[in-house]
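Notes follow the structure.
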Number of protein chains: 2
Amino acid sequence: MEEREDLGAMVFRLGRRLLVMEQPILDRHGVSMWAYAVLTALRESPMRTQTALAAGIGADKTRLIPVLDELQKRGLIEREPDPSDRRVRLLDLTADGRRLHETIQSEIRAGEADLLSDFPPTDRDGFLRALIALTRR
Amino acid sequence: MEEREDLGAMVFRLGRRLLVMEQPILDRHGVSMWAYAVLTALRESPMRTQTALAAGIGADKTRLIPVLDELQKRGLIEREPDPSDRRVRLLDLTADGRRLHETIQSEIRAGEADLLSDFPPTDRDGFLRALIALTRR
DNA sequence: GCACATGATAGGCGCATGCTTACGATTGAG
DNA sequence: CTCAATCGTAAGCATGCGCCTATCATGTGC
């Protein structure tokens, strides 16, 4: 592993490559990257505050608002004031939102599988294991 | 490998993490990310045109100009008109530039080694092999 | 009850980016 | 010789982002 680029350079190039692969998929479903991140986060579990959601996906909480507006208008998320604390908005996916996320994610996963298909399984597993470990908070 | 995030999400988070690690190093040496990319590219081999350099590091050729101005002013790169075609500027590192790149890169590599130190060698090697393959043009 | 903290929202500022256009110098093809 | 193409440079534009402030509604500790 002597002659290689810096990790940063390689990771950023890979990021760009993944972006190029994913963008058309997101465009086709009329969803921005941030919106997809929101759907993904809410699929794991509902959120009690928008601030927590923003922190969870590494977004600015003020920039998230138009994204949530749009998702709500399209009926993809629920966003209701918490009866027990009317400052906060409870966030959750609707059935439509869940369905759309599932559709998009499966397309993205197909693209990923395609990228990874050339590697020997041990490299691929090592790659994924290391990547998962490196991105654990 | 059933329950994992999308590759894109993980790769971008890792990119941010690497950025957080590298930025202080670059700042300490008064070098921007683009400038460091230029030094890295020129270390591999001199370049015959700025356009080729820009394409090589994935930058906009017009945005590269102030970066090159700065690097030249600091005596880190040479940038002379090609006698055989005076439209183009031959680009190369100076001794100082080579030295500075070497210093910065070794600090960055130390940070990378630290990040990767926890993994079993097989995972680490698979990770690097896959990453190298995925970023080959 | 009152001061203070928290959540959502709106707006603005500064920065880096990608993209585009224009221009002067130079080269090469016809 | 003339014209098109290439290279470097300057400038402008729209976008998206992070950050910061202010405002309003609400909740909590004293």
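The figures here come from the full heavy-atom set of this structure, side chains too, leaving out hydrogens, waters and symmetry mates. Since the model is a prediction, treat every value here as computed from it, not as a measurement. All chains are named by letter (A, B, ...) in the order of the sequence lines, taking the proteins before the strands, and each is independently numbered beginning at 1.
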In short, ring-ring contact (aromatic ring centres under 6.0 Å, His included) pairs touching residues 44-103 of chain A with sequence neighbours left out are A/Y36-A/H101

To the nearest angstrom, the CG-C1' distance between B/L68 and D/dG8 comes to 10 Å

Rounded to whole Å, CG of A/L64 lies from C1' of C/dT9 at a distance of 12 Å

Residues A/R28, A/E107: salt bridge by 4.0 Å N-O rule: yes

Separation of C/dA8 atom P from A/D69 atom CG, nearest Å, is 13 Å

Tightest non-hydrogen contact, residues A/L64 and A/A59, listed as CD1-CB, 4.2 Å

Here the distance between atom P of C/dT6 and atom CZ of A/R89, to the nearest Å, is 18 Å

Contact check, side chains of A/M33 and A/E22, non-hydrogen atoms, under 4.5 Å: yes

query = Got B/L7 and A/R109 here, is their nearest side-chain heavy-atom distance under 4.5 Å?
reply = no

Rounded to whole Å, the CZ-P distance (B/F12 to D/dC17) equals 11 Å

Pair B/E5-B/R13, salt bridge (Lys or Arg N to Asp or Glu O under 4.0 Å): steps then yes or no = CA-CA 11 Å; B/E5 296 179 83; B/R13 258 227 301 287; 2.7 Å; yes

Within residues 16-40 of chain B, those residues having any heavy atom closer than 4.0 Å to DNA chain D are none

So salt bridge (Lys or Arg N to Asp or Glu O under 4.0 Å) across residues 48-71 of chain B, not counting sequence neighbours, yields B/R48-B/D82, B/D69-B/R79

A/E112 side chain near B/D6 side chain, heavy-atom distance below 4.5 Å = yes

For nucleotides 19-30 of chain C, 5' to 3', base contacts (B), sugar-phosphate-only contacts (S) and non-contacts (-) with protein non-hydrogen atoms under 4.0 Å give BB----BBS---

Contacts satisfying ring-ring contact (aromatic ring centres under 6.0 Å, His included) that involve residues 55-74 of chain A (not counting sequence neighbours) are none

With heavy-atom distances below 4.5 Å as the criterion, would you say the side chains of B/V31 and B/L71 are in contact? no

Here the residues of residues 46-53 of chain A within 4.0 Å heavy-atom distance, strictly under, of DNA chain C are A/T49, A/Q50, A/T51

With a 4.5 Å cut-off on side-chain heavy atoms, are B/L93 and B/L76 touching?
no

